[in-house]
Amino acid sequence: MRFDSLIIGGGLAGLVCGIRLAEDGLRCAIISRGQSALHFSSGSLDLLAELPDGTPVTSPINALDVLNKQAPEHPYSLMGAENVRRFAAESEALLARCHLNLQGSYQQNHQRITPLGTQRATWLSPEEIPTTTLGWKRITVVGIAGFLDFQPELVAGSLTENHIEVRTAELTLPALDTLRNNPSEFRAANIARVLDMPEQQRLLIEELKALAINTDGLFLPACLGSEDSQAWQAISRQLPCPLRLLPTLPPSVLGMRMHHQLRRRFLQLGGIMMPGDTVLRTQIEQQKVTAVFTRNHAEVPLQSNNVILASGSFFSNGLEAKFSGIREPIFGLDIRAPEQRDAWCKEDFFIPQPYLQAGVTVDEHFQPRLNGQRIENLYAIGSILAGFDPIQQGCGAGVSMTGALHVARQIIDNHGGNA
């Protein structure tokens, strides 16, 4: 089978790159090993929340020059500030084309309220996520009886520290009794499937109306809308105060919804998904990837003009930590990482950890090297890249999406030149 582009990895970076390529008419396939890391995300997307020296960032775009001085090997620094600006704006437009209703702008971070009731600087958030822009004074945090993946008291405690008057309440929702009797099934995604039913939404609205008195807003766990935000919108319209949702422990309904809508857009454009497949080996000749062999396709080679590695970091097994060191397992690409195992981590759990900046080294085109030699038709994007800390710097989603569009633009331009 032959493609214009073959993407290894079906997470945020892989899907965004695939969508953009497919929008331009390129025949594109995505090999997806398993569940995307998006299933475990909050559904909010960070661009740049903090500089490496710990300075908080209000305007990510205006901080890029300082970032370049502090971290010249950061993916943003390699890409260049102008490209980051361009592709951040294009990311917002692409997400809108996927019918993802998000609040925020690459021009300035906003403060979203986290599942613990704290505030976090963020680029884009689902429209149902509460932010500080509404100036909350009185909040009712509503839990679901027996649901352990969301703790209203923890949220309330943090909100109270911000001088907000908070009370907690609990929904009974008898329709959930079957799930309650099986704790392993009492998860946000399963609750959402029940509450997606119109008859259950009517009962939910009645319970919420009784709680929506003398409060500026209701905060619920994000257990609404398996596939889109229509359920939340329909319920919100019938309440006398704003209804906002807070992500739960993974798997997250909001993250799963984002993955679903990106995947749906990719398939609608004619993209090919190869779910549950694993790359077993690759063939490289004359500094080009000439074939990719996967478990499901046995001896049938997958051939492509371009190969994009978006296999993720340690969580997705895109990087492996062995006693002999950290390695990239599919191609064996050159990586940057601390040489000694005792330098991978710091004793203080709450400070930046060196292993998080380990990954594949790339040039300004996001092309990696194998034994010091560039592979001409191979690119790397997303969390597999070296040089950034997605947690401390709050830039994981931004690196994934802007890098994906950076690579897609080069492939599209080269394709046009070869046409």
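For this chain, numbers begin at 1 and follow the sequence in order. All figures in this text were calculated on a predicted structure; none of them were measured in a lab.
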Please name all residues satisfying side chain to side chain contact (heavy atoms under 4.5 Å, CB included) with Cys241, sequence neighbours left out, ordered by chain then number.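 Cys241: side chain to side chain contact (heavy atoms under 4.5 Å, CB included) contacts with Ala212, Thr215, Leu218.
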Are side-chain N/O atoms of [X] and [Y] paired as donor and acceptor at under 3.5 Å?
X	Y	value
Thr133	His110	no
Asn296	Thr294	no
Arg112	Ser125	no
Asn182	Ser184	yes

Ion pair Asp177/Arg180, N-O distance below 4.0 Å: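 Counted as a salt bridge, because a side-chain N and a carboxylate O are separated by less than 4.0 Å.
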Mind checking salt bridge (charged side-chain N to carboxylate O under 4.0 Å, His left out) for Arg281 and listing every partner two or more places apart, or none if nothing turns up?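 Listed in chain order: Glu299.
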What pairs meet the salt bridge (charged side-chain N to carboxylate O under 4.0 Å, His left out) rule with one or both residues in residues 202-218, with sequence neighbours excluded?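 Listed once each, the pairs are Arg138-Asp216.
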Listed once per pair and sorted, the salt bridge (charged side-chain N to carboxylate O under 4.0 Å, His left out) pairs that draw on residues 73-96, sequence neighbours left out: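 Qualifying pairs, neighbours excluded: Glu73-Arg336, Glu82-Arg85, Arg86-Glu90.
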Return the minimal non-hydrogen interatomic distance between Ile381 and Gly403, and the atom names on each side.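 Of all heavy-atom pairs spanning Ile381 and Gly403, the closest is CG2-O, 3.7 Å.
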Could you report the tightest heavy-atom contact between Ala63 and Leu51, atom names first, then the distance?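 Scanning both residues completely, I find the closest heavy atoms to be O-CD2, 4.0 Å.
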In chain order, what residues pass the ring pair (Phe, Tyr, Trp, His ring centres under 6.0 Å) check against His260, with sequence neighbours excluded?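 Partners of His260 by the ring pair (Phe, Tyr, Trp, His ring centres under 6.0 Å) criterion come out as none, since no residue qualifies.
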Output all residues satisfying ring pair (Phe, Tyr, Trp, His ring centres under 6.0 Å) with Tyr106, sequence neighbours left out; order by chain, then residue number.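 So Tyr106 forms no ring pair (Phe, Tyr, Trp, His ring centres under 6.0 Å) with any residue.
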